[in-house]
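Sequence positions, counted from 1, serve as the residue numbers for this chain.
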Amino acid sequence: MGTVYLARSRGGRAVAVKVARPELASDPSFRARFRAEVAAARQVGGFHTAQVVDADPEAESPWLATAYIPGPTLSGLLTAEGPMDEARLRSLGAALAEALEAIHACGLVHRDLKPGNIVMAADGPRVLDFGIARALESTRLTATGSAFGTPGYLAPEQALGEEVTGAADVFALGAVLVAAAGGRPFGEGTPMGLMYRSVHEAPDLGAVPEALRSLVGRCLAKDPAERPTPDAIMDELTADRSGSGSGAFGPPTAPSAPPAVLDPRVAASTPADAVPMAAPQGPPADAVPAFRVPPVDAVPSPGHALPAPLPTPGAGVQDAAPGPVPHPAYHLPPPPLVPPPPAPDFTAADRNSGIAVDGAGVSLHFFGEEADFLWSEIGAVRYERIRRDRVLRVAVTLYDGSVYDCEVDGRRAARVDEWIRLLDPVLRYYLPA
């Protein structure tokens, strides 16, 4: 939805501040829904969510501040540690079901539950972004006429544009558990292919432990009425659970990285002590990319230094304060004496499909549909020759584990060779190996 900043309240607590993109800020529908959803989200407790602490829907660039939750996302944890066993899957599922129950009790539906929206805190998982889900949905529907959400976790009723209830979040929970077990319920491919399979085909539950397969299968039922409620999910997952509750997750250790440079487009509308948060974690362990995003090696603007470290956390979940955020003394390099060369780009197209790569990211076009991905959300890009070397296939892997591909017909191998000769240095420029 925009840029996320790590900031401190006047009392010294760490918070995450999300500032909406300019195109969202100019949409009256987004502002209206954002205002209503933030008001509802304030009612949700912070035990399994990132609690809303402040917001300004009327600002020039609307913003939302939530409690900062230290820890990797679920997708990052799976990348680092691999699939979860049955005990950890039970703990994860029960905690997420409890979070959904709290969100639904306030009249909210998340609509985009996925591993990238789940932070694995030391005391268990927290669900992010529930407060803006509906506001973003309205804007995306208006702008593109397509369903809001992430293919692969998107419920059939969402893909078909039908009424969405809390049962859609239960469907996404089932898909999250399959991903946490090391599988993909509807395989890989284009967004349209994933949505088609979620509507018409049975999910692949082969990676799910046999004892959990029936429950996960019911969560992924095509008919919303056949899915269990979050309360029923908790009952089933905790009936035979062994282990130590939230301790089964273990204390995650998030990799340290210097913060990124403040985006000047939103600097004027953000709190004065705000600095950008660290870059997201890498792609899932099952991705074998040709190129990877390196760790961010940028520095904060001198005018946005962090204040002194936070005090030692006290007892209690709601009153606990995160540890200090490192702020080493970096210095910005002097400006170059000559303008930098223009950034490279790449395009390839046939009658039905097209691929474009430039400084913004990767854009895939197929049969009138378009999917745009920013470099900040791309973990890897792969390409290969197929169909007797006459077709170029490009696959984009996002940090949340989603994979999208597009094929462009060159009609002859020599043309595909030329495309690859041009594409390879562009990918190396934006995604160094």
Compare all side-chain heavy atoms of [X] with those of [Y] and state whether any distance is below 4.5 angstrom.
X      : Y      : answer
Pro230 : His104 : yes
Phe171 : Arg227 : yes
His365 : Ile355 : no
Thr49  : Ile69  : no
Pro57  : Arg31  : no
Val416 : Asp389 : no
Leu96  : Pro125 : yes
Val176 : Pro115 : yes

Exercise: do Asp358 and Tyr430 side chains pair donor with acceptor under 3.5 Å: no
Worked verdict on Leu64 versus Val52 for side chain to side chain contact (heavy atoms under 4.5 Å, CB included): CA-CA 7 Å; Leu64 168 74; Val52 176; 3.7 Å; yes
Please check this pair: side chain of [X] against backbone of [Y], looking for a donor-acceptor N/O pair closer than 3.5 Å.
X      : Y      : answer
Ser402 : Leu398 : no
Ser91  : Arg88  : no
Arg197 : Phe186 : yes
Arg184 : Gly401 : yes
Asp405 : Val394 : no
Arg111 : Val109 : yes

Derivation of the side chain to side chain contact (heavy atoms under 4.5 Å, CB included) call for Asp345 and Val426: CA-CA 6 Å; Asp345 56 29; Val426 174; 5.7 Å; no
Shortest non-hydrogen contact from [X] toward [Y]:
X      : Y      : answer
Trp419 : Ala348 : CE2-CB, 3.6 Å
Ala180 : Leu92  : CB-CD2, 3.8 Å
Gln158 : Ala168 : OE1-CB, 3.8 Å
Ala94  : Leu237 : N-CD1, 3.3 Å
Pro70  : Val119 : O-CG1, 4.2 Å
Gly379 : Tyr399 : CA-CE2, 3.8 Å

So how far is it from [X] [atom1] to [Y] [atom2], rounded to the nearest 0.5 Å?
X      : Y      : atom1 : atom2 : value
Cys219 : Leu173 : SG    : CG    : 5.5 Å
Ile233 : Leu177 : CD1   : CG    : 8.0 Å
Glu407 : Arg387 : CD    : CZ    : 4.5 Å
Arg385 : Ile420 : CZ    : CD1   : 3.5 Å
Arg126 : Leu74  : CZ    : CG    : 15.0 Å
Thr397 : Phe373 : OG1   : CZ    : 10.0 Å

Intermediate values then yes/no, side chain to side chain contact (heavy atoms under 4.5 Å, CB included), Val178 and Val216: CA-CA 8 Å; Val178 175; Val216 173; 3.6 Å; yes
Is a salt bridge present between [X] and [Y], judged by a nitrogen-to-oxygen distance below 4.0 Å?
X      : Y      : value
Arg428 : Asp424 : yes
Glu418 : Arg412 : no
Arg213 : Glu86  : no

Glu210 atom CD, over 12 foreign heavy atoms within 6.0 Å: no
Working for salt bridge (charged side-chain N to carboxylate O under 4.0 Å, His left out), residues Asp112 and Lys114: CA-CA 6 Å; Asp112 197 23; Lys114 58 185 177 182; 3.6 Å; yes
Test log, rule side chain to side chain contact (heavy atoms under 4.5 Å, CB included), inputs Glu163 and Thr165: CA-CA 7 Å; Glu163 180 183 2; Thr165 66; 4.3 Å; yes
